[in-house]
2 protein chains.
Amino acid sequence: MGVSERDGRGAREERREAMCPHRLVLEHVTSRWGVLVLDALLDRPYRFSELRREVGKVGTVSEKMLAQTLRTLERDGFVHRDAKPVIPPRVDYSITELGREAAEQVRALARWTGARMADVQRARAAYDAARETSTAV
Amino acid sequence: MGVSERDGRGAREERREAMCPHRLVLEHVTSRWGVLVLDALLDRPYRFSELRREVGKVGTVSEKMLAQTLRTLERDGFVHRDAKPVIPPRVDYSITELGREAAEQVRALARWTGARMADVQRARAAYDAARETSTAV
DNA sequence: CTGTATCCTACGCGATACTG
DNA sequence: CAGTATCGCGTAGGATACAG
């Protein structure tokens with residue numbers, strides 16, 4: 001196998017890493033599953049499968065994506081991974097101080113989004129209505 | 001071709017729209033170009049090409065993606081589009097009140113990311129170092 | 001249980017060409 | 001200038017199988 005897929009991070013991402021590093025970090029914490037993982041871990045530590053179920057309430061996460069998301073967040077220093085050498089394996093994920101700061105902002109944004117949902121939907125309705133009348137089907 | 005590409009929104013997105021609507025809005029404002037567009041418009045209105053250049057400082061944005069991003073944000077009520085019926089065409093984009101609220105939070109998060117970049121890079125170095133020693137190349 | 005390796009498809013997104 | 005239409009590549013990401 002090539003070097004490109006040596007870990008979870010895409011090849012594209014690495015190329016972009018050079019020009020604007022913090023943009024990538026932003027994308028990590030606001031990524032599809034990153035948001036949900038951080039939000040969950042803000043409340044308490046989770047085990048892998050537990051997290052999978054919790055996050056999965058919003059839409060199925062494959063093991064692959066969850067693992068990838070966790071690895072990225074761990075590498076960035078947002079999540080702490082505690083693998084206990086027992087059988088059966090048990091791994092606990094928790095949030096770090098750095099991660100907490102990020103997670104709180106992400107959660108705030110998520111909350112705001114929820115709070116303003118009505119406005120957004122009104123705007124969408126208006127937008128769609130305007131297009132429907134002008135664009136004769 | 002099918003109905004799927006009838007507008008800029010992806011097909012995948014529409015399927016997901018049913019289950020957790022505000023997650024999608026969150027993804028719109030934190031999307032690759034959404035962040036940059038909102039950030040730019042927070043300072044002042046922009047014309048299309050102007051915006052393309054401004055946003056393009058971070059990485060080339062195709063006309064297609066910029067148009068799509070703008071349409072999405074407009075539909076959600078974050079951006080106002082003012083098309084003047086003149087030749088040559090002139091379209092000004094500006095942020096709405098709703099958009100301003102979102103943009104400010106996004107900008108705060110982006111700033112935080114920039115501020116904490118050193119910590120992140122230290123964490124990454126530690127992570128990579130740990131892996132290198134355990135994984136004999 | 002906690003992952004990793006592999007395969008495969010959908011689709012994000014950039015490039016190009018064309019329209020008003 | 002401000003888009004839309006079309007094409008093509010590469011990747012995100014789900015499903016599955018397997019390993020420790």
Side-chain angles (χ1 to χ4, degrees), chain A residues 1-16 24 27-28 30-34 36-37 45-53 55-56 58-72 74 79 81-93 131 134-135, chain B residues 1-16 24 27-28 30-34 36-37 45-53 55-56 58-72 74 79 81-93 131 134-135:
Chain A
M1 116 200 45
V3 187
S4 48
E5 270 294 330
R6 70 175 175 286
D7 63 12
R9 298 183 297 139
R12 165 81 124 310
E13 173 162 335
E14 271 176 66
R15 254 175 278 127
R16 285 176 42 206
L24 284 179
E27 286 179 22
H28 292 166
T30 60
S31 72
R32 186 106 152 265
W33 307 117
L36 299 172
V37 166
Y46 275 86
R47 298 181 56 179
F48 187 84
S49 295
E50 227 181 0
L51 202 48
R52 185 157 138 82
R53 271 190 301 278
V55 161
V58 177
T60 312
V61 214
S62 59
E63 294 165 10
K64 179 186 162 186
M65 287 317 295
L66 182 57
Q68 195 175 111
T69 301
L70 285 167
R71 227 183 308 125
T72 303
E74 187 199 354
V79 161
R81 179 174 184 274
D82 183 22
K84 311 207 167 111
V86 297
I87 304 271
R90 175 188 180 111
V91 182
D92 287 274
Y93 290 93
R131 299 225 106 196
S134 62
T135 307
Chain B
M1 116 213 45
V3 188
S4 47
E5 269 297 328
R6 70 176 172 285
D7 63 11
R9 298 184 298 137
R12 165 80 122 314
E13 172 161 337
E14 271 177 66
R15 254 176 280 124
R16 285 175 43 209
L24 286 178
E27 286 180 22
H28 293 167
T30 60
S31 71
R32 187 109 152 264
W33 307 118
L36 298 172
V37 166
Y46 275 86
R47 297 182 56 180
F48 188 84
S49 295
E50 225 181 1
L51 202 48
R52 185 154 138 79
R53 271 189 301 277
V55 161
V58 177
T60 312
V61 58
S62 59
E63 294 165 9
K64 179 186 164 187
M65 286 316 296
L66 182 58
Q68 194 175 111
T69 301
L70 284 168
R71 227 182 307 123
T72 302
E74 187 198 354
V79 162
R81 179 175 183 275
D82 183 22
K84 307 197 168 123
V86 297
I87 304 267
R90 174 185 182 112
V91 182
D92 286 274
Y93 291 93
R131 298 223 108 197
S134 63
T135 307

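Everything numeric here is computed off the predicted structure, so don't read it as measured data. By convention in this document, chain letters (A, B, ...) are assigned in the order of the sequence lines, proteins followed by strands, and residues within each chain are numbered from 1.
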request  = Quickly work out the B:L66 CG to C:dT16 C1' distance and round it to whole Å.
outcome  = 17 Å
Length of the NZ-P vector between B:K64 and D:dA5, whole Å = 11 Å
message = Checking contacts here: which listed nucleotide (D:dA2, D:dG14, C:dT2) is nearest the side-chain heavy atoms of B:R81?
response = D:dA2
request  = For B:R53 and for A:V61, find the nucleotide of DNA chain D with the closest heavy atom, then tell me which residue's nucleotide is more 5'.
outcome  = B:R53
remark   = For B:R52 and B:E63, the nearest pair of non-hydrogen atoms, with its separation, is NH1-N, 3.4 Å
query = How long is the line joining CD of B:E27 and P of D:dG13, in whole Å?
reply = 9 Å
key: Between D:dT4 (P) and B:R52 (CZ): distance, integer Å   = 14 Å
note = Whichever of A:E63 and B:S62 has the more 5' nearest nucleotide on DNA chain C, that residue is A:E63
inquiry  = Measuring to OP1 and OP2 of C:dC1, would you say a side-chain N or O of A:R47 lies under 4.0 angstrom away?
reply    = no
query = From D:dT4, C:dC13, D:dC1, pick the nucleotide closest to the side chain of B:S49?
reply = D:dC1
key: Selection from C:dT2, C:dT4, C:dG14 that lies nearest to any side-chain heavy atom of A:A67   = C:dT4
ask   = Sub-3.5 Å donor-acceptor pair from the side chain of A:T60 to the main-chain atoms of A:G56, do we have one?
value = no
query = Tell me: CD1 of A:I87 to C1' of C:dC1, nearest whole Å?
reply = 10 Å
note = Of the listed C:dC1, D:dG14, C:dA15, the closest approach to the A:W33 side chain comes from D:dG14
query = Looking at C:dC1, C:dT2, D:dG3, which one has an atom nearest to any side-chain atom of B:V91?
reply = D:dG3
task = Report the distance from atom CG of B:L70 to atom P of D:dC1, rounded to the nearest whole Å.
result = 16 Å
task = Could you state the atom-to-atom distance from CE of A:M65 to C1' of C:dA10 in whole Å?
result = 14 Å
key: Residue pair A:V37 / A:Y46, side-chain heavy-atom distance below 4.5 Å   = no
query = Can you find a side chain N or O atom of B:R90 that sits less than 4.0 Å from OP1 or OP2 on D:dA2?
reply = no
query = Under 4.0 Å: is that the gap between some side-chain N or O of A:T60 and OP1 or OP2 of D:dG14?
reply = no
query = Nearest to the side chain of B:Y93 - C:dC13, D:dG14, D:dG3?
reply = D:dG3
Nearest to side-chain heavy atoms of B:R32, which nucleotide of C:dG14, D:dG20, D:dA2 = C:dG14
key: Heavy-atom side-chain proximity of A:V61 to A:M65 below 4.5 angstrom   = yes
ask   = Can you tell me how far P of D:dT11 sits from CG of A:L24, to the nearest Å?
value = 14 Å
ask   = Does any non-hydrogen side-chain atom of A:L51 lie less than 4.5 Å from one of A:L70?
value = yes
